[in-house]
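Step one of this worksheet: look at the structure below.
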Amino acid sequence: MYGHYNLPFTVEQEGIAISVEKTGKQLIYKRTLGTDKVEKIILGDEKHLIINPVEPLNTPKEITPNLLIEFEKTLLLAGGARRKIFLTFPVEIGVFIADNGDKNLQLLDVLSLVRQKFTLYGEVSNGVICKHWKSQIYSISPSPNPLQEGIIELTLRNVSSDWASISKVVFSAYGMKLYYAGDVFTRARMDILNRNTAETGFELQKLSGELKSSPLKDVKTRKEAFGVYRLKKLGIAPLNFYMGSGF
Amino acid sequence: MITNIDFLDFVLYTTSKAPVTIGHLLKFILILSVSVLFSRILTLYLRRSLKDKVSKDVSETVLKILYYGILIIVFISALPLIGLNPSALLVAGGVTGIILGFASQNIVGNLVSGFFLMVERPIKIGDQVQINDVSGYVTDIRIISTHIRTFEGLLVRIPNQQVFTTNITNIVGHPVRRFEYTIRIRYSDDANAAIFLIKDLIDKEPFALLNPSPSVFVNDLGESSVNISVRIWAPVNEWFGIKTRILWNIKQTLEENGIEIPLPQRIVRIQTDAKEIPKELMPEKEIESVLNYEERVLA
């Protein structure tokens, strides 16, 4: 389903039906997912549609830029150790309309096929609301349904000398960059500073061909997805998340 | 022309340094007017520039400080034009301050409270608050007063002194809040099944938070019903919508599964024969023996 489409067009997959029909001089965007239906009128010439994975924080309503991934099992990381693990994260499907050359991007629609749930990270008085997701810990890259889940290659680095017991990780979506082809992929890091605090962030550099951990996928064929958060006019938005209430 | 010059040179009063003419006074008023206009244009421009970058409450506070800061600086700088020396004003400020203080106690009180409200920030623009008996959204925190838009859409202006010295309940002061229902079911219904169904509904609701976790439990065995308490945490901006949505869903789901919310019950016995006492109302022998327990022991 992900890709660039010239208008008019129709696509259907996994219960999602997206189409742009030409009615006179107007283009009508229609999307159906179960009982949820969206219809919009597009006025403009020489546009094309882009469907790609976006940050999982826009549905059912955008109330937080933070994503909390809870591990199925607690992970223990030795002091000074550095390890790579793979996690899954929820994916939302973003529909954009753009001029030729992917200029003047405008978000048309966002939908999700996965369970939506929110949680609080920290205390009631000073915590932050996060989108919640539960993931297994994988040593090699898993192969989830790309319309529902993506893969995070997470580099854990324990800079302290103590063991770290990790059961969750929180990310800020402002720094999230997604790449897609047959899967949806992103890279992130988690630096454990001491027993109770850590800093997380997404790797902002472009993926190069050295991704040894997922040899089956040709990394160069992955496309960089347009994100909803990058379209926003941001002032000073923190790209990293400081986990000060434990992990 | 000569008349005009004469008019502008007309001496209003003379200070120790120089005479103050109408021209000086007009110049002073003009400078103040231009500075007001300049401050307004500057704050308007900055308000638009900061709109998507900084939260409204922060930008409004910064803009107010900037606006009044410019006016105060220009006012003090222009004072020599009307023959007032700012340094002398500061010396005289002590006495003047006392006089002004007594004369404008309330205004100064509100002004100082407004300053502390901006610094301490117990409330911010956009917050849902309750101040005294007024509940609503904070639409503006001005230098003298705070404006509240009530939930009914009315504008209430509260003097800052009152806001600062009274109890403020900030409904959105914390990121999450809890709400609670009491669901009553019949004694003949399975309370465990009801709890399971309610928990399942909460689990399906995205904004019912996983942490702090919701709790559903039998809280009371009432006169006519088993009372189940349902406590749910939700984001402060979403709690009301969830509260109304889940309650109705609970009612529907319980009814679909044969669990009903009972009406209050009273068992009324109509006695036809006044001489005949119902068995239930007859005092039992065991009770009597318990009452006489002390006597029997002593004996």
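In what follows, chains are A, B, ... by sequence order, proteins preceding strands, each numbered from 1.
Looking only at heavy-atom pairs under 4.5 Å with chain A, the residue among B:P175, B:A208, B:G173 that has the most is B:P175. Chain B forms more heavy-atom pairs under 4.5 Å with one residue of A:V124, A:N126, A:V128 than with any other, namely A:V124.
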Please report the C-alpha distance between B:K204 and A:R115 in whole Å, then the side-chain angles of each, then the deciding distance to 0.1 Å, and finally whether the side chain to side chain contact (heavy atoms under 4.5 Å, CB included) criterion is met. CA-CA 8 Å; B:K204 283 175 186 162; A:R115 178 179 181 259; over 6 Å; no
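The distance from the CG atom of B:L209 to the SG atom of A:C130 is 10.0 Å, given to the nearest 0.5 Å. Rounding to the nearest 0.5 Å places CZ of B:F207 at 8.5 Å from CD of A:Q116.
Here the side chain of A:T119 pairs a donor or acceptor atom with the backbone of B:N211 at under 3.5 angstrom.
Each of B:V176, B:V236, B:N237 was evaluated against A:I129; a single residue qualifies, B:V176, per the side-chain contact (heavy atoms from CB on, under 4.5 Å) test.
Around CZ of A:R157, the count of heavy atoms belonging to other residues, nucleotides or ligands within 6.0 Å does not exceed 12. Shown here is B:F240, whose CZ atom has no more than 12 heavy atoms of other residues, nucleotides or ligands within 6.0 Å. Surrounding CD of B:E255 are more than 12 heavy atoms belonging to other residues, nucleotides or ligands, all under 6.0 Å away. Heavy-atom contacts from other residues, nucleotides or ligands closer than 6.0 Å to CZ of B:F38 number 12 or fewer. Other residues, nucleotides and ligands place no more than 12 heavy atoms under 6.0 Å from the CZ atom of A:R195. Annotation: B:N167, atom CG; neighbour count of heavy atoms from other residues, nucleotides and ligands within 6.0 Å does not exceed 12. Within a 6.0 Å radius of CZ in B:F151, other residues, nucleotides and ligands contribute more than 12 heavy atoms.
Of the two parts of A:L120, the backbone and the side chain both hold a non-hydrogen atom closer than 4.5 Å to a non-hydrogen atom of chain B.
The pair B:E205-A:K117 does not meet the salt-bridge criterion, since no charged nitrogen lies less than 4.0 angstrom from a carboxylate oxygen.
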